[in-house]
Amino acid sequence: MFSGTQFIVDSTPSFDSITGLSPTVAVEQRIIRQSNPRSTVGTRTKISNMLAMLFAAYGVRDDKYNDDIPLTMEMFQKNSPKGMCVKCLGTGIIKELDEEKLFEDLSQKIEDVCLGLGKRGITKRMLDSFCKYHNISPTDKLSTLTDEQLNFLKYGDNGKSSFMGFVPWIMHTTNGAFSTSSRLEYLLTNAGYMGKASCPKCGGTGLGEQAFHTAIGGKTISELENMYIKDLYQFLATVPIISPLLGEILVKLNCMVDVGLHHLALSRPVPTLSGGEIQRLFLASYIIAEMDSIIFVFDEPTIGLHEVEKAKLIKILKNLVNRGNTVIAVEHDEKFIRSADYIIDLGPNAGVLGGELIFQGGFEEFLYCKNSNTSPYLRCEETLKMEKRSRTIDMLNVLKIENAALHNLKNVTAEIPLGLMVGVAGVSGSGKSSLISDTLVPKLKEMLNTKCITDDEDEELTYESNNVIISGIEHIKKCFVIDQKPIGRSRTSCPATYTGMFDRIRTLFAKESGLSAGLFTVNSEGGCKVCRGDGEIHYHVGFGNFINLECEACGGTGFIPEVLEVMLDGKNIKDILSMTVDEAVEFFKGKDKSIDKILATLSRVGMNYITLGQKLLPYLVEKVSVSNWQRSFQKDRMQRMQFISWMSLLQGYHFMIVKSY
């Protein structure tokens, strides 16, 4: 029984009983929840707020900018009206419009300027008003205008008409009071008309003049937030200030060093962190709070850590236990398993072949568990088979990155030989992701354009150095970027739709029944009208929480009854979506070559146990708990899904980037 703020609904639990349950904290790798671009390591840990308080109390102002107004905490926060830069509004970035390029083609019509912006909506009405006042036509070419008319068209006619001019209007639409979406900005950027630059007024800090000219120990708050956490700790430890506030800041910073986040800066945006870094960021906040009698649940906490860092993490988690807490970790790491006090092994295999309790007990007993697929590797009876021979390296066929200086990279130059499997290694925070994901990938997207294929085509370019040089792209036909980001494009996305086999399946049903193929999808006329094809109704029960109950209208199928009456060899469309890949291989054998090929590839990458209709990103558009997505389709499976969706295209292509967290 769930109690909400408005009503009470019944829900059947998936367990008989749970006893001995203490307050529980789940520390997961939910990257998709950390998407606010203004959220930083400093704001997430509250250290930025504490630094702002420290500067308000002990900051020393430049005499030239001392207006005798008392310093306050808000003056050192770029998200505050009192502290943000008035030019960039706290972002530290301004948009720049290439006016010369926008108007360089004098043969274009007035209405065609700026990708045809003047042909639609409110812009068309204002442009028509402008043209009527100046006795010209929207279809006139720019070359027919006088210098004065062209200047009015660019910058406005001082209110004589309702049009403020293309340049002011574009800036207002993309960054001003009229800004409602980023679509125009994206189109302008993609066409090369618009770019971004550091704000000249605040130097990219996003802060106002008071913060810009107030220092502690000779450094401004922006300079401190841009320092590595390890260096910041060492600097603040030498500052001649006696304050409990400073002591608390040092405790927090020291804890972040202990969990392996010494390489980050407080100004680092949270969306740029890996899943492992986000998890350790949350871990640090719990350690600082000194909780006890709590159950902590971790989702593969060693992901993203170098071998030399795992021992420190294990020690930290053991200290949590020493305080009287319980730590439960879902892990594959050998060191972690060997360090555990108690082991629960599930299996023996995946999907319908799993789900059994194989073992529970201590490590020494687990070593000799005969039914486990894990214990033979711990006994060293089973080992991974590795190729002893390496491919020949052709240094004339390489991709070269020069002058990479993003985040903590120090003007790195690296060569990546093509036609080989290349690994980028190093301790956590050494710059692996900065070099490949944040420098190489954006550059390749810019240089290869449509030949660089990612699952997030609208992602903004993130490299910050204009000095980065990429050479050797002439050797590349196409580039595929495979990461662990969510791959679903709608709430009904599933392996069958993502791989493209569902179109073939619907075609088979259409041929069998003589009905339209559109009837066999929940996104069209075949979907239940009550639950919109979800098979579940989502109820808000207060405090931002939702529960999901089976739709009574369709019985949880998501389809209308007429669709379910159509059979293909004794199976309806819902039966097929409920099949595992292994089951589907047998069912579709000989029915369709494309389906056979896709299913065979899914099996090859170890996804034979998933069902064809398993949701990739359920309910995200309704802002329902993302834990449903986390349980339904974990990030490693998303990565393999991207891989198999392009595997048939790879012959002859030279470059693929696979991101590991």
*Would E99 and Y155 satisfy side-chain hydrogen bond (donor to acceptor under 3.5 Å, both in side chains), going step by step from the backbone distance to the final call?*
CA-CA 10 Å; E99 302 172 20; Y155 307 110; 2.4 Å; yes

*Run the numbers on I573 and T521 for side-chain contact (heavy atoms from CB on, under 4.5 Å), then give the verdict.*
CA-CA 9 Å; I573 189 70; T521 174; over 6 Å; no

*Quick one: do K124 and D128 satisfy salt bridge (Lys or Arg N to Asp or Glu O under 4.0 Å)? Show the steps, please.*
CA-CA 6 Å; K124 182 180 187 305; D128 287 343; 3.1 Å; yes

*asked:* For H475 and L399: C-alpha separation, side-chain torsions, deciding distance, then whether side-chain contact (heavy atoms from CB on, under 4.5 Å) applies.
replied: CA-CA 8 Å; H475 302 302; L399 188 71; over 6 Å; no

_Derivation of the side-chain contact (heavy atoms from CB on, under 4.5 Å) call for N79 and M84_ = CA-CA 6 Å; N79 294 334; M84 67 174 55; 5.8 Å; no

*Audit row: S162, S129, side-chain hydrogen bond (donor to acceptor under 3.5 Å, both in side chains) steps and yes/no*: CA-CA 6 Å; S162 61; S129 167; 3.3 Å; yes

*Audit row: S222, L207, side-chain contact (heavy atoms from CB on, under 4.5 Å) steps and yes/no*: CA-CA 8 Å; S222 295; L207 290 167; 3.2 Å; yes

*Given Q77 and S48, is the side-chain hydrogen bond (donor to acceptor under 3.5 Å, both in side chains) satisfied, shown in steps?*
CA-CA 8 Å; Q77 296 177 310; S48 288; over 6 Å; no

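Rounding to the nearest 0.5 angstrom, the gap separating the CD1 atom in I93 from the NZ atom in K87 is 14.0 Å. Considering CG of N397 and CG of L418, their distance stands at 4.5 Å, rounded to 0.5 Å. For the atom pair I598 CD1 and Y498 OH, the distance stands at 12.5 Å (nearest 0.5 Å). Here OG1 of T413 is found 5.0 Å from CD of E402. Values are rounded to the nearest 0.5 Å. Taken from CG in L150 to CZ in F166, the straight-line distance is 11.0 Å, to the nearest 0.5 Å. The CG atom of D98 lies 9.5 Å from the CD atom of E96; values are rounded to the nearest 0.5 Å.
A side-chain donor-acceptor contact under 3.5 Å links E223 to the backbone of T220. With hydrogens and angles disregarded, a donor-acceptor distance shorter than 3.5 Å links the side chain of T601 to the backbone of K597. Checking side-chain atoms of D140 against main-chain N and O of S137 turns up a donor-acceptor pair under 3.5 Å. Looking at K101, its side chain never comes within 3.5 Å of a backbone N or O of L97 through a donor-acceptor pair. With K615 contributing its side chain and D534 its backbone, the two residues share a donor-acceptor pair below 3.5 Å. Put simply, the side chain of T43 never gets that close to the backbone of S39: no donor and acceptor are under 3.5 Å apart. For T439 (side chain) and S434 (main-chain N/O), a donor-acceptor pair under 3.5 Å exists by modelled atom type. Of the possible polar contacts, none joining the N151 side chain to the D147 backbone as a donor-acceptor pair under 3.5 Å is found. Judged by distance alone, the side chain of N403 and the main-chain N or O of N411 form no donor-acceptor pair under 3.5 Å. Counting only distance, with no hydrogens or angles, the side chain of R506 and the backbone of F520 share no donor-acceptor pair below 3.5 Å.
The number of heavy-atom neighbours closer than 6.0 Å to NZ of K154, taken from other residues, nucleotides and ligands shown, is above 12. The neighbour count for M421 CE, taken as heavy atoms of other residues, nucleotides or ligands under 6.0 Å away, does not exceed 12.
Within the 4.5 Å cutoff, the side chain of F163 has no heavy atoms near those of the D157 side chain. Between M164 and H172, some side-chain heavy-atom pair lies under the 4.5 Å cut-off. Side-chain contact check for I110 versus L142: some heavy-atom pair is nearer than 4.5 Å. Within the 4.5 Å cutoff, the side chain of L106 has no heavy atoms near those of the K141 side chain. Side-chain contact check for K119 versus D112: some heavy-atom pair is nearer than 4.5 Å. Between I469 and I401, every side-chain heavy-atom pair lies at or beyond the 4.5 Å cut-off. Side-chain contact between C494 and Q614 is absent, with no heavy-atom pair separated by less than 4.5 Å. For the pair I221 and F212, the minimum side-chain heavy-atom distance is 4.5 Å or more.
For K593 and D596, the salt-bridge test fails: no basic side-chain N is under 4.0 Å from an acidic carboxylate O.
Contact between I537 and C531 at its shortest, heavy atoms only, is CD1-CB, 3.7 Å. Considering all non-hydrogen atoms of both residues, A265 and V41 come closest at O-CB, 3.6 Å. Minimum interatomic distance between K78 and T205 (heavy atoms only, all atoms of both residues): CD-O, 3.6 Å. Of all the heavy atoms in G535 and C554, the pair that sits closest is CA-SG, 4.1 Å. Nearest heavy-atom pair, I576 versus L612, reported as atom, atom and distance to 0.1 Å: O-CD1, 3.7 Å. What you find for C88 and I94 is that their closest heavy atoms are CB-CG2, 4.1 Å.
By the 30° and 60° cut-offs, the orientation of the rings of F130 relative to H134 is tilted.
With sequence neighbours left out, Y133 forms a ring-ring contact (aromatic ring centres under 6.0 Å, His included) with no residue at all.
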